[in-house]
**Student:** 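So that we are looking at the same thing, I have put the structure below in structure tokens.
Side chains included, hydrogens not; waters and symmetry mates left out as well; all remaining heavy atoms used. In each ligand, atom 1 is the first atom listed, and ligand 1 is the first ligand listed.
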Amino acid sequence: MGYRVLSAEFKHETNTFSRIATDEQAFRDCFYLPAAEAIAERGGQNTELAGFLDIGMKYDWQLEHVVSAGAGPSGKVTSSAFDWITDAIIAAAGSGRFDGVLLGLHGAMVTDFCDDGEGELLRRLRAVTGADIPIAITLDLHANVTAAMCELADIIVSYKTYPHVDMRDSARHAAQILQRSLTGEISPRSIRVSCPMLEEVNGGRTDVGPMIEWIRAARDWEQRDDAFAVSINGGFASADISEVGPSVVVTAEGDMSPHSEFARGIAADIWQHRHQVLNDYLEVGTAAAIAAEYCADNGPLVIADYADNPGAGAYGDATNLLQALLQAGVSKACFGPLIDGETVRQLMQHKPGDEVQINLGGKTDPAYGGLPLALQVELVSLSDGRYIGAGAMIGGLPRSFGPTATVRIGGMEILITSVAEQLLDLQQFRCFGIEPTVKSVVALKSMQHFRADFEPIAGRIIVCDSYALCSPRYERLEYHNVARPIFPLDQEFEF
Ligand SMILES: [Zn+2]
């Protein structure tokens, strides 16, 4: 038999400005799967776990998977939720029977007692494994990579795509480097160069813009005998922590100075491009006016509500865009999701076909995205919210919006859900009776991930800023802990 390797997935992107704490239930709502269940549900899909299993199989590892846990982006992780998942990992690691560790993390977890959740997890892990066992971690491209992560993990590999479609590949990459470490062929460690910015200016988009060149340069650098992984991290701006922002991480061995120099070069280029914003963040009124005039001969107009993306920890109940579309009389349209469990519970008291007066959205914090809308709607359908993804990101993975209702008002169908989930897969409409391809206008809450599944059906895509919690207007948020100066809060300084 081959090496004994411990693995786990523990993922959270924490929006420290969110009012909604991330507790045990938030993980259960998204996914919390002990060993065998995790392998059954995630072991054959586009997940880190699947990539770990691929390499484990190749080298005949005795892979012991402890747990897979992830919650939707939201506020700080409670200490009890953090301990619940971390303790399981530490208890297994403490048995002393492992040669190496593989962790699928996000890299932007903040808890209610610590700004660096992953650093804390790794610290507790090292306390039981000692310094010598190699630890490999995978991170989301939107990781805020900390000094502690680089110090405590030997091998770091981030996703290389946004929309993220390479979870399994990234995990294979990390696991392959771990295998070489276990045999003693290489002795990797990881270094980081960060930029004084809240995030890479295009949020880490890899389909257009300068990221394409940086990722290519990273792949080239990995061809060296002494370099194993180069990760370009876009950072996650909605985190008021000292180590926020983009970074370049190199996992290499030997003399680290050429690797540092290479990373500094890319970091300098990220900084140089800080004014080159590719998205045109339209006002909701402008987006609605475009929608009202739109001719859908070449496919629907897809409008992304960037600012209210639940995938970045926004509440998903912002009403500004919906109100503008209704006011503009946009028809043959759909909108989703609007996260409002209270309204779904009200609708559950009715049956399809009923006309119901609802007070929709705007309940969590109307200062970010607009007040509740008083609407007379027709209830179309009710559901438990379960679906299975079919697109490149979550294909084959079961997910749930929680109790869900589809309603109609005029020519607009609205998907109202209970659990905050970003809209990034056509199935998230289709499973609830809404067919996006026959619409003229498809409005959804997402920043970039929707492109993986919606670009192929779209006649045109526009992005709007509804002024919700994840608006790119960062000056609206009160940052206290980020290191200053930092772009774009501070404009005039040199890096
Ligand atoms: Zn991400």
**Student:** With a distance cut-off below 6.0 Å to the six-membered ring centre and an angular limit of 45° from the axis, does R386 pair with F401 as a cation-pi contact?
**Tutor:**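 No, R386 and F401 do not form such a contact.
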
**Student:** State, without any angle test, whether Y32 and Q25 hold a side-chain donor-acceptor pair at a distance under 3.5 Å.
**Tutor:**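 No pair is found: no donor N or O on one side chain lies under 3.5 Å from an acceptor on the other.
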
**Student:** To the nearest 10 degrees, could you say what angle the Zn ion (ligand 1) makes with NE2 of H164 and OD1 of D140?
**Tutor:**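 Rounded to 10°, it measures 90°.
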
**Student:** Is the distance from the Zn ion (ligand 1) to the nearest N/O/S atom of E13 under 2.8 Å?
**Tutor:**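 Looking at E13, which is the residue asked about, there is no N, O or S atom under 2.8 Å from the Zn ion (ligand 1).
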
**Student:** Of all the atoms in H142, is at least one N, O or S atom closer to the Zn ion (ligand 1) than 2.8 Å?
**Tutor:**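 Given the 2.8 Å cut-off, H142 counts as a ligand of the Zn ion (ligand 1).
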
**Student:** Under 2.8 Å from the Zn ion (ligand 1), is there an N/O/S atom belonging to H106?
**Tutor:**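 Within the cut-off used here (under 2.8 Å), H106 places no N, O or S atom near the Zn ion (ligand 1).
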
**Student:** Aromatic rings F27 and F10: how do their planes relate, parallel, tilted or perpendicular, breaks at 30° and 60°?
**Tutor:**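 Rings of F27 and F10: tilted, as their planes differ by 30° to 60°.
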
**Student:** Please report the interatomic distance CE(M109) to CD(E120), rounded to the nearest 0.5 Å.
**Tutor:**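 Nearest 0.5 Å value for the CE-CD distance: 10.0 Å.
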
